[in-house]
Each structure stands twice: as structure tokens, then as C-alpha cells.
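Below, read A as the first sequence line, B as the second, and so on, with proteins coming before strands; counting in each chain starts at 1.
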Number of protein chains: 2
Amino acid sequence: MQNLNDTAHKLLDVAERYTQLHGFNAFSYKDLQREVGVKTSSIHYYFPSKQDLALNMTERYVERFRDALKAMARTESNGVRRIRSLAELYVEAVGQGKFCMCGMLASDMLSLPDVVNGKLCEFFRLIEEWVADAIEIGKEQNEIRHTIDPKPAAAHFLAALEGGMLIARTQKRPEYLESVVTEALAQMTH
Amino acid sequence: MQNLNDTAHKLLDVAERYTQLHGFNAFSYKDLQREVGVKTSSIHYYFPSKQDLALNMTERYVERFRDALKAMARTESNGVRRIRSLAELYVEAVGQGKFCMCGMLASDMLSLPDVVNGKLCEFFRLIEEWVADAIEIGKEQNEIRHTIDPKPAAAHFLAALEGGMLIARTQKRPEYLESVVTEALAQMTH
DNA sequence: GTCTATAACTCGATAGAC
DNA sequence: GTCTATCGAGTTATAGAC
């Protein structure tokens, strides 16, 4: 991903935003041309096919998200608050009318190459394990109940996060997602 | 919805399946022509625009789902088992590689008319209230903890259901959704 | 109601000059 | 790297005969 120049990154930025707002199949190279100021034929120079664009976009996104998770783990040692800071990212995105980029791609999975689907699985597994770690820490800090099994609880939390985002966006109510997160944490803590 | 003839219903059947598998913008009138055996121009006779198709499809879906919920409530008086029977529908759909139709439309909401979006909100509210009722009953039957507040807990459960479906489908693992449901119920019950 | 024929448009993608 | 020009295919939608 680091072997892409400035123009390529701008193209991925716009593609990413369109994907989160409208879906990957709902924007065209012409949209990128209009927003970045580079002709569609030049876009094909960077990404020969739209599937190449999908793969590069997803790889960059997952890479950045992994870094963001590491940073959050570094700056927040409290398990529950660590989970809350992840949820903040999602709430903020919904506030901008966006859905999770990988969630959006997941809904379009049948029209995307398998390698992209693999990246989506990697993304979800990544967050799941990060949340499981945070839950484990929360248990050690005696804030999360000892009856909670970190792994399935993390899968459950991630599912609620993705689904809550989808529903909150539909209803144009970011508070919906906040309420889902609050309830999720309430059920896990004492 | 009852004022549609047999051909119209067949068209909606196929449109519904395509939407759940690929998304509303990922199939064309030509796909319907191939599967139903009616020319695309005839499809426009029933549904002048594709947005009309979207609205009719969604209205019929919500109407049928409402009936299915009523039937489940009638045949199952146990709150927890009632919730489980709803989850069964979702698990079965994932087993067929499908996503929730309204969840799929929710991801395409920006390309759909507002009236469809209204139907999606109605759908989610419908399920949420149904689940809240089931939780209330589960509390009365002393299976669900008295500390659980039905309304936010129902929103949380619905979110986990939708998100779990999305992730399970991505990973081609219906068991993922089953595990999410099991965890959700475990956290709510004693 | 269903058909043939076609309009009008958009899409991803390529060739080749600079 | 970026451009102009264009191809071929796909899309929704309409007109009009039967």
C-alpha cells in the first residue's frame, strides 16, 4: 500500500467515501474523475480494473484500522473504556451518514473477487480478537463479569456494532447505535 | 399488495431473492426476464420504474414478516423460545447465502426513494417491539433477568441479529450467527 | 397483457498520442 | 502519467403492434 503515490491515495480516499455512503457498485470511475480531477482513463492506469480498486481500497482500510486499534490499546488501559473508544469511531461514522466500509462491501460480496472477501474476514477477525482482549482486561479489572466468555462475547459485541450501525443509519439516528453500545456494555458489566 | 396477479408475484419473488443475495442494484430487469420468462417491457407494465418495484417488494416483505411474527407469537408462549424462533429464520436465510432483505436495502438506502426507507424503519421498529414483548414475557416467566430493560435490550438483540447475519454470511459460517444468538440469550437469562 | 424494436444513457475498459 | 477518442456491452425505459 505504501507504493502508491499521492494521486492514487486521493482516488482511494474518494472511493472509500463513496463506498461507505452509497456502496461499491453505486459509484463509477466518472465520479472519481469529477472529485479528484483526473480522467477516467488515467484512473485505469492506477487501477486497471475496478476489482483492483476494490482490493487496494480494502487492503489500505484494514491496514489503517489495525494501526488505529493498536493506538487505542496503547492510550487506553481500561478494558471497558477501550471498547467504548472503538464504538466512538462507529458512532462518528454514522453521524456522517456512513456505514462501515467492510460491512458495506460484505453486502456486495457476491460481486467482488474472493481475495477481497478474504480481507473482509480478516477485518472482522481483527476487531473480534481486539475486543476479546479488551474484555479479558475488563474482567481482570473487575468491571466485566467473570461469567463472560471473551471470545463469544466479542463476536456478539461486534455483531451488535455492525447491525446497530446499519439500523441507526437507516433511521438517521446515531443515538440508536449509542444506546445499543450502552446496553451491550451494561449486560457485560456488573 | 393483494391486488397483484400471479406474474407480478413471481417477479417480486425473484427480485426478492436477488436482493437478498446480490443487492437491489445488482440485478436488472433482464435477470427477471430470464428467470420468470416475461420480457423486460412487460415487467415495466407491472412496475413502471425500478423504484416502484423496490416499494412493492418491500411492502410485501414487511407485510409477510408481520404475519410471520404474529404466527410465531401465537404458537410459542415461552418468551425465550419465541426469540429463538425468530433467530431461526435468520440462521436459515444465512444458510442459503442470503442477507436480511431490509438490511440489504438499508445499505442501498441512498439510491432508493424515501418511501422505501420509511418501510425499512417500519420493519426494524416492528421486530424491535416484537422482541421487546417477548423479553417482557421472558421476565414474567422468570427466565430473563429482572435487570433487563425490554426496549433497549430488544434494540441490542436486533442489532446483533442483523450484524451477526452480515458477518456470518461473509465468513460462510451460519454457526457464527447461532453463536451470537446463544451469547445474546445467555447474557439476558439467569 | 405481452410482444418487438429501439431510444437514450451509463458503465468499465482499451488504444494510442503526447 | 495524463490525455482524447472510442468501443462494446449493459442499463432503465418507452412507443406501438398484436
| request: Taking the six-membered ring for Trp and the single ring otherwise, decide whether the centroids of Phe47(B) and Tyr29(B) are under 6.0 Å apart. | output: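 Ring-ring flag for Phe47(B)/Tyr29(B): false, centres at least 6.0 Å apart.
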
| task | Give a yes or no on whether the ring-centroid distance for His190(B) and His146(B) is below 6.0 angstrom. | result |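 Between His146(B) and His190(B), which both carry aromatic rings, the centre distance is not below 6.0 Å.
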
Specify the separation, in whole Å, of atom [atom1] of [X] and atom [atom2] of [N].
| X | N | atom1 | atom2 | value |
| --- | --- | --- | --- | --- |
| Asp52(B) | dT14(D) | CG | P | 10 Å |
| Phe47(B) | dT2(C) | CZ | P | 12 Å |
| Lys39(B) | dT2(C) | NZ | P | 13 Å |
| Leu112(B) | dT12(D) | CG | P | 13 Å |
| Asn25(A) | dC11(C) | CG | C1' | 11 Å |
| Gln51(B) | dA13(D) | CD | P | 8 Å |

| query | Sequence neighbours excluded, which residues qualify as side-chain hydrogen bond (donor to acceptor under 3.5 Å, both in side chains) partners of Glu92(A)? | reply |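 Partners of Glu92(A) under the side-chain hydrogen bond (donor to acceptor under 3.5 Å, both in side chains) test: none.
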
| query | Considering residues at least two apart in sequence or located in another chain, which fulfil the side-chain hydrogen bond (donor to acceptor under 3.5 Å, both in side chains) criterion with Glu136(B)? | reply |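 Per chain and number, Glu136(B) pairs via side-chain hydrogen bond (donor to acceptor under 3.5 Å, both in side chains) with no residue.
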
| query | Hydrophobic clusters join Ile, Leu, Val, Met, Phe, Trp and Tyr when side-chain heavy atoms are under 4.5 Å apart, directly or via other members; which others share one with Leu21(A)? | reply |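 The other cluster members (ILVMFWY side chains, heavy atoms under 4.5 Å, direct or chained) are Met109(B), Leu110(B).
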
Of the candidate nucleotides [options], which contains the atom at the shortest distance from the side chain of [X]?
| X | options | result |
| --- | --- | --- |
| Asn5(A) | dA13(C), dG1(D), dA13(D) | dG1(D) |
| Thr40(A) | dC3(C), dA13(C), dC3(D) | dA13(C) |
| His44(B) | dT14(D), dG12(C), dT2(D) | dT14(D) |

Under 3.5 Å, which protein N or O atoms sit close to an N or O of nucleotides 16-18 of chain C? Give each pair with its distance.
none

| request: Kindly assign one of parallel, tilted or perpendicular to the pair Phe123(B) and Tyr61(B), based on the angle between their ring planes and the thresholds 30° and 60°. | output: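 Because their plane-to-plane angle lies in the 30° to 60° range, the rings of Phe123(B) and Tyr61(B) count as tilted.
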
| task | Evaluate the ring planes of His156(B) and His156(A), with Trp represented by its six-membered ring, and classify them as parallel (under 30°), tilted (30 to 60°) or perpendicular (over 60°). | result |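 The arrangement is tilted - the two ring planes meet at 30° to 60°.
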
Look at [X] and [N] and indicate whether a side-chain polar atom (N or O) is within less than 4.0 Å of OP1 or OP2.
| X | N | answer |
| --- | --- | --- |
| Tyr46(B) | dT2(C) | yes |
| Tyr45(A) | dT2(D) | no |
| Ser42(A) | dG1(D) | no |

| said: Around atom CZ of Arg84(A), are there more than 12 heavy atoms from other residues, nucleotides or ligands closer than 6.0 Å? | reply: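 No, not enclosed.
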
| said: With the threshold set at under 4.0 Å for non-hydrogen atoms, list the residues of residues 26-33 of chain B touching DNA chain D in residue-number order. | reply: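 Heavy-atom cutoff 4.0 Å gives Phe27(B), Ser28(B), Tyr29(B).
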
| said: Taking ring pair (Phe, Tyr, Trp, His ring centres under 6.0 Å) as the definition, give me every residue that meets it alongside Phe24(B), ordered by chain and number, with sequence neighbours left out. | reply: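 Scan of Phe24(B) (ring pair (Phe, Tyr, Trp, His ring centres under 6.0 Å), adjacent residues dropped) gives Phe27(B).
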
